[in-house]
2 protein chains.
Amino acid sequence: MAKSVRRSTPRPYHHGNLASALVDAALLLLDETQDWNFSLREVARRASVSHNAPYKHFPEKRDLLAAVAARGFEALAESTLSSLEGLTDARERLLACGRTFVARGIANPALYRLMFSAVLTSPEAGRPAIEKVAAAKARAIMDKAFADATQSGVFPPSLASPGEGAAATLAMWSILHGLTMLAIDDFVGPPKDIEALVDPILGALLNGISSQPPALPAHIWIAPRL
Amino acid sequence: MAKSVRRSTPRPYHHGNLASALVDAALLLLDETQDWNFSLREVARRASVSHNAPYKHFPEKRDLLAAVAARGFEALAESTLSSLEGLTDARERLLACGRTFVARGIANPALYRLMFSAVLTSPEAGRPAIEKVAAAKARAIMDKAFADATQSGVFPPSLASPGEGAAATLAMWSILHGLTMLAIDDFVGPPKDIEALVDPILGALLNGISSQPPALPAHIWIAPRL
DNA sequence: AGAAAAGAGTTGACAGTGTCAACTTTACTG
DNA sequence: CAGTAAAGTTGACACTGTCAACTCTTTTCT
């Protein structure tokens, strides 16, 4: 803790990099309280800085939370990728995506809730940029798995069209998100058993999609606002 | 506003019934701010009572919110029932349930979010009783529609077994909840178009379920903790 | 009936919050 | 090496949820 200690990363300013230390502290508090109603001041306390220091890095509390959510999406992307390692069957890969998605949510409910919550969304600017790019990264992985599955014949070729493809991925996205939410918000349980349900449930959806793809009413456009 | 005015409902105490007036005010605030971070004091102000009057009816802010959520579930149950009127085809009825479910969520995002949120859940007591019974009422409607569909041959008879039936309804429940959440949290849109996607998406799931019902891993038990 | 108890609402207080403004210290720039 | 901008601090403000003590009204009990 001595000030003379040299770090491998050069610390450009007073603290080193407060910003990421604050995110760390917030991540911890989020896990402890399972709620993002903790005070900015408490976060500052944990980082051993004054109650106003955070404002030099995050204009509002919301911005800190957005940075936390971004971390969550990055972690999700990483886990998903590593869960895909070694799997070659396209359908297997889709199921693996689903399993890690739900598992991560159940492992850290408050973080998951925050990531998909709209507390972050400001009326005029929408979702903060930092979160958008992190979320897009995570989303791209699943979209790719889906596209691969289409190409390798798991789904009918019509799903390669942007419209039908979007509807199908939205369906998958929805069922996973819904299942996770219901589990972490205590509407069904116990959580570990819910995880085991991803395969059969997502499996049923995939079957339904391949036998009769969700037909998009013409002219409808689904905006993936990530 | 004079005190001498006689109401049809006898007002037993000072205000009439503050409790429900508070819920009304909170419902309004919820809709205005799209967030339940409004202050209890503001609710009291709107009901023209002192900042501490609410505590005579709700021990904590959480309890007021629970009452608000309960109202939401009751409204949902009512809408669902009325959307079912005149529909006889079992599959049509299931789709109608889905449509109203999503539509209600999109029509009042903050209320929907509150209803399914875990802010209300206290660590020891779980979800407040008042919300549980209201939610159970709403849930029972969809469960019944599902059971009817099984009985009238939309799904294979194995879905009449408690296990498979539970998994299947959970799948439906999940895809609707997930779709609604993604829509109201601004991950996909525009909302009106998402509503139009309920039929094709839920339809695909129903197809998948009937062609190959989600098989429950033995011994797994899904607790519908409503 | 009247007295006593309970219910409903009020006033005042307390610690704690998010954020603003003004200040000091440090690090980097020309 | 001076000067400026970034990073962090101190103090203040209005506001919050909740507790305790008080008052007024309604109900209940003899």
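Here is the naming used below: chain letters follow the sequence lines, and residue numbers restart at 1 for every chain. Computation of the quantities below employed the complete heavy-atom set of this structure, encompassing side-chain atoms and omitting hydrogens, waters and symmetry-equivalent molecules.
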Participant: Sort me out a list of protein N/O and nucleotides 17-21 of chain C N/O pairs below 3.5 Å, or just none if empty.
Facilitator:
unit_1, atom_1, unit_2, atom_2, d
C/dT17, OP1, A/Ser39, OG, 2.8
C/dT17, OP2, A/Arg45, NH2, 2.9
C/dG18, OP1, A/Leu40, N, 2.8
C/dG18, OP2, A/Leu40, N, 3.1
C/dG18, OP2, A/Arg41, N, 3.4
C/dG18, N7, A/Arg41, NH1, 2.5
C/dG18, O6, A/Arg41, NH1, 3.1
C/dT19, OP2, A/Tyr55, OH, 3.0
C/dT19, OP2, A/Lys61, N, 3.2
C/dT19, O5', A/Tyr55, OH, 3.4
C/dT19, O4, A/Arg41, NH1, 3.0
C/dC20, N4, A/Asn52, OD1, 3.2
C/dC20, N4, A/Asn52, ND2, 2.1
C/dA21, N6, A/Asn52, ND2, 3.1

Participant: Check nucleotides 21-23 of chain D for protein N or O atoms closer than 3.5 Å to its own N or O atoms and list the pairs.
Facilitator:
none

Participant: Angle between ring planes, B/Phe187 versus A/Phe73, binned at 30° and 60°: parallel, tilted or perpendicular?
Facilitator: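 Tilted, since the angle between the ring planes falls between 30° and 60°.
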Participant: For atom CD of B/Glu78, decide whether the heavy atoms of other residues, nucleotides or ligands shown that lie under 6.0 angstrom number more than 12.
Facilitator: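 No, CD of B/Glu78 has 12 or fewer neighbouring heavy atoms, counting only those of other groups under 6.0 Å.
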Participant: Do B/Ile130 and B/Asp63 come within less than 4.5 Å of each other through their side chains, counting heavy atoms only?
Facilitator: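 No; the side chains remain at least 4.5 Å from each other.
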Participant: Taking C-beta and beyond as the side chain, do B/Leu206 and B/Leu95 meet within less than 4.5 Å on heavy atoms?
Facilitator: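 The answer is yes; the side chains approach within 4.5 Å.
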Participant: Where does the angle between the aromatic ring planes of A/Phe101 and A/Trp173 fall among parallel (under 30°), tilted (30 to 60°) and perpendicular (over 60°)?
Facilitator: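 Tilted.
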Participant: Between B/Asn108, B/Leu65, B/Leu76, which is the residue that forms a side chain to side chain contact (heavy atoms under 4.5 Å, CB included) with B/Met115?
Facilitator: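 Of the listed residues B/Asn108, B/Leu65, B/Leu76, the side chain to side chain contact (heavy atoms under 4.5 Å, CB included) partner of B/Met115 is B/Leu76.
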Participant: Between B/Arg71 and B/Asp24 (salt bridge meaning N to carboxylate O under 4.0 Å), is one present in this structure?
Facilitator: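 Looking at B/Arg71 and B/Asp24, the cut-off is met.
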Participant: For A/Leu87, does its backbone N or O pair with a side-chain atom of A/Arg93 as donor and acceptor, under 3.5 Å?
Facilitator: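 Flag set: sc A/Arg93 to bb A/Leu87 pair under 3.5 Å.
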Participant: Please report the distance, rounded to the nearest Å, between NE2 in B/His57 and C1' in C/dG7.
Facilitator: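 Distance, rounded to whole Å: 9 Å.
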Participant: Just how far, in rounded Å, is P of D/dG17 from CG of B/Asp63?
Facilitator: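 My rounded result for the distance is 14 Å.
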